[in-house]
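Just so we're clear, the structure is a prediction, and the values are computed from it rather than from any experiment. Residue numbering restarts at 1 for every chain, and letters A, B, ... go by the order of the sequence lines.
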Amino acid sequence: MFGAVRRFGTAHALRAVVPRSTHVRWTPQLFKWQPSSTLSPGLVRSFQTFPALREATAAAAAEAEAETGVKETSEQEIITEFADLQTSGLISPSLIRNITHPSRMGLKTMTDVQSQTINQMLQGVDVLAQAKTGTGKTLAFLIPTMQNILNDPTFVQTRKTGRGRTGASCADIRALIISPTRELAEQIAAEAMKVAANTGLIVQTAVGGTQKSFGLKKMQREGCHLLVGTPGRLKDIFSDPRSGVAAPGLNTLILDEADRLLDDGFSQEIRELQDLFPDPYKVDRQTLMLSATVPREVMRMVDRTMKPDYKFVKTIREDEAPTHMRVPQKAVFMQGYENILPTILDLAKEYKARQSEDPSLRPFKAIIYANATSEVSLYSSVFEELRVSPEDRRRPLGRMAMIEIHSRLTQAGRTAAANNFRRATEAILFSSDVTARGMDFPDVTHVLQVGVPRDRVTYVHRLGRTARANKTGEGWIFLTEGERQHYHKLLNGIPIEEDRTSFPVASYDMTEGLSGEPDSSLAQATRAMAMLPPATRETAWKSQFGTLIPTHGDRRACVAAMNRNAVHGYCLPEPPAISARVAQNLGISRVRDLNVEGPRRNFDDDRRPRSGFGRDSNRGGFGRDSGRGFSRNSDRGSDRGSDRGRRPGGFNDRSPRGRYNNFVDRDSGFGGRSREFKPTRRSTFDDDF
DNA sequence: AAAAAAG
């Protein structure tokens, strides 16, 4: 019913907004794309580096031209300015004023996603929008969603009545926005509040890590029309009948970062959440999904929950070419992980020095991504140590702000970190993947990634934190030789150039000792590391181990590399001992140089002989000589009695490959009898991801 | 031992 009203209200002006470039219509039954307009010349130009995609789009354009006989829509028919949305009667003056007024958001021209989807979304049709990171997706769904609420005759504009009261109810939520991270929810809510200012629309946030009762009281007091939140807390609130919060007339459901929300970890929760909303057959509900990639999970959810006449809008334009095809990216293969902090420090120092000479360079504002929270925290502490050090010569980056963000901080700490980095002109943010998606930090000049990210999409999203809003940026990834294969496989096709020359510190062999120069990055980073509590360093080392094993081809080499890193990077007297159980879970319990704590668990089952294997066979690798040459120990180690099981004549020594495979299967769970086989999923429409 | 997200 509401949908009908909305459609009627805006129908007259719909033709005014004409999609500018590819507007692809998805027909679920046919599984076929039907391009409804042709491509701009700029679009084709942007694919010069991407032959396959170029051919595909050119073919689509030709097909569309043959069908319609129209070559290119004239520019005049396209609404690209926010102001024109008002003059055409599509969007209310108050919303447009909030967006365009210099003292407000100060925006003038719409991005491609905006000009292509606002129209569709205003009609009340379901939309699946695919657009690259940093192209203004948030505003694209906020504007029509709010306008649709305002258009609704049952929406009663409310007014402030003092003491924060508005007279609005929290039991009549009209729109719900779901985000995969708390900070992204907060960011969306902040933007929504700017757009909604003085319209009577009330925006609230519901995320975990905050006091539930506090948020509820606020909603009860102020009311709520548009709620932004994370899945867990939203589910909590809507399944609690005493919360007083309800959405019996929910008209719009938005899944931001839909691919993430519908992947393994989240999909169940999203489905349960959807069950808490009114039946869409009784209350007309529009579903909007926004995503940079459209994998199968998303299509499955689209088929299940969206109206059959939904639109699939895909935007590609020259100035919105995917970040990872546009931004210069370099890979540095380091001597070992012990070189990481000196290398990053060198990069920052070098840029800062250049920037102070060259006013055209923006201040250093970098994000450093690591794969484990404790690693993030440790790196941050090292740089903080360099910052607060009382000795000036040990303050290589001056007073540059060092900020850390990851799930192990309190929510207040996370929120503050995100806001501080947003506002900072010169700073380093040490981050886990909490900020990888959707976060909008203005003017990030560098994105640095330590180690191979967990998947390809994560790499691209992290990189997407830089080079936003027509700014430039650069991406770096720091790796070791052991990861090379995995790196190539995962990021194949992304134009990353290997850099062998920029950072001598990256290839310095730190087992040689640190020579002279106290102001070298090597010495500075190492000194700062040594200042931190050993327990912190041990924890981080163990976590890093956990992330590295799956990305390393050779587990023995990985253990050797991490042993070196423990001593020369983490400045520990010897590699921390890992419990036998953990070692087994990691699939490295039989790697000779591993420092295993306590008695070894015997992993042989009764179908196999128990020749001197297992117990104690790998201990004693770290003694007085622990500071160097762990890999060499293994060669000597074969002479020890405790290693009998590995000597020639042992049951498995003759076919090392077979033994290794057997071992890997059991310990890692891949292909083992107790775990199910999990095939790698490829995105269905991940074009350039 | 490995992000995130409900306590």
- Please state how far atom CZ in A:R437 lies from atom P in B:dA5, giving the value in whole angstrom units. 13 Å
- Measure from CD1 on A:I237 to P on B:dG7 and round the result to the nearest Å. 10 Å
- Could you tell me the separation between the CG atom of A:D264 and the P atom of B:dA4, rounded to a whole number of Å? 17 Å
- Query: According to the interplanar angle, ranging from 0 to 90°, do the rings of A:F383 and A:F430 count as parallel (below 30°), tilted (30 to 60°) or perpendicular (above 60°)?
  - Reply: tilted
- Query: Please give, in whole Å, the distance from B:dA6 P to A:Q268 CD?
  - Reply: 15 Å
- Listed in order of residue number, which residues of residues 409-416 of chain A have a non-hydrogen atom at under 4.0 Å from DNA chain B? A:R414
- Message: Any N or O donor-acceptor pair under 3.5 Å from the base of B:dA4 to the side chain of A:R454?
- Response: no
- Enter the distance from A:R555:CZ to A:R590:CZ here, rounded to the nearest 0.5 Å. 12.5 Å
- Item | Distance test, side-chain N/O of A:S543 to OP1/OP2 of B:dA2, below 4.0 Å | yes
- Query: Nearest-Å distance, CZ (A:F545) to P (B:dA2)?
  - Reply: 13 Å
- Task: Could you tell me how the ring of A:F478 sits relative to the ring of A:W476: parallel (under 30°), tilted (30 to 60°) or perpendicular (over 60°)?
- Result: parallel
- Message: If I compare all heavy atoms of A:G244 with all of A:C170, which pair ends up nearest, and what's the gap?
- Response: O-SG, 3.4 Å
- How close or far is atom C1' of B:dA2 from atom CG of A:D433, stated in whole angstroms? 11 Å
- Under 3.5 Å, is there a donor-acceptor pair linking the side chains of A:Y487 and A:T551? no
- Within this structure, what is the CG-to-P distance between A:N371 and B:dA3, rounded to whole angstrom? 8 Å
- Answer yes or no for A:R465 and A:F441: cation-pi contact, defined as NZ/CZ to six-membered ring centre under 6.0 Å and angle to ring axis within 45°. no
- Between B:dA1, B:dA6, B:dA4, which nucleotide gets closest to the side-chain atoms of A:V434? B:dA4
- Using distance alone, with no hydrogens and no angle criterion, decide if A:E404 and A:S377 have a side-chain donor and acceptor under 3.5 Å apart. yes
- Value in whole Å for how far the P atom of B:dA2 lies from CZ of A:R581: 13 Å
- Can you find a side chain N or O atom of A:R462 that sits less than 4.0 Å from OP1 or OP2 on B:dA3? no
- Note on the structure: Winner on side-chain proximity to A:A372, out of B:dA2, B:dA1, B:dA5, is B:dA2
- Task: Assign A:K235 to base, sugar-phosphate, or nothing according to its heavy-atom contacts below 4.0 angstrom with the strands shown.
- Result: base
- Ignoring backbone atoms, establish whether A:T181 has a side-chain N or O less than 4.0 Å from OP1 or OP2 of B:dA3. no
- Query: Does B:dA6 have OP1 or OP2 sitting under 4.0 Å from an N or O in the side chain of A:T230?
  - Reply: yes
- Message: Please pick, from B:dA1, B:dA6, B:dA4, the nucleotide with the shortest atom-to-atom distance to any side-chain atom of A:T373.
- Response: B:dA4
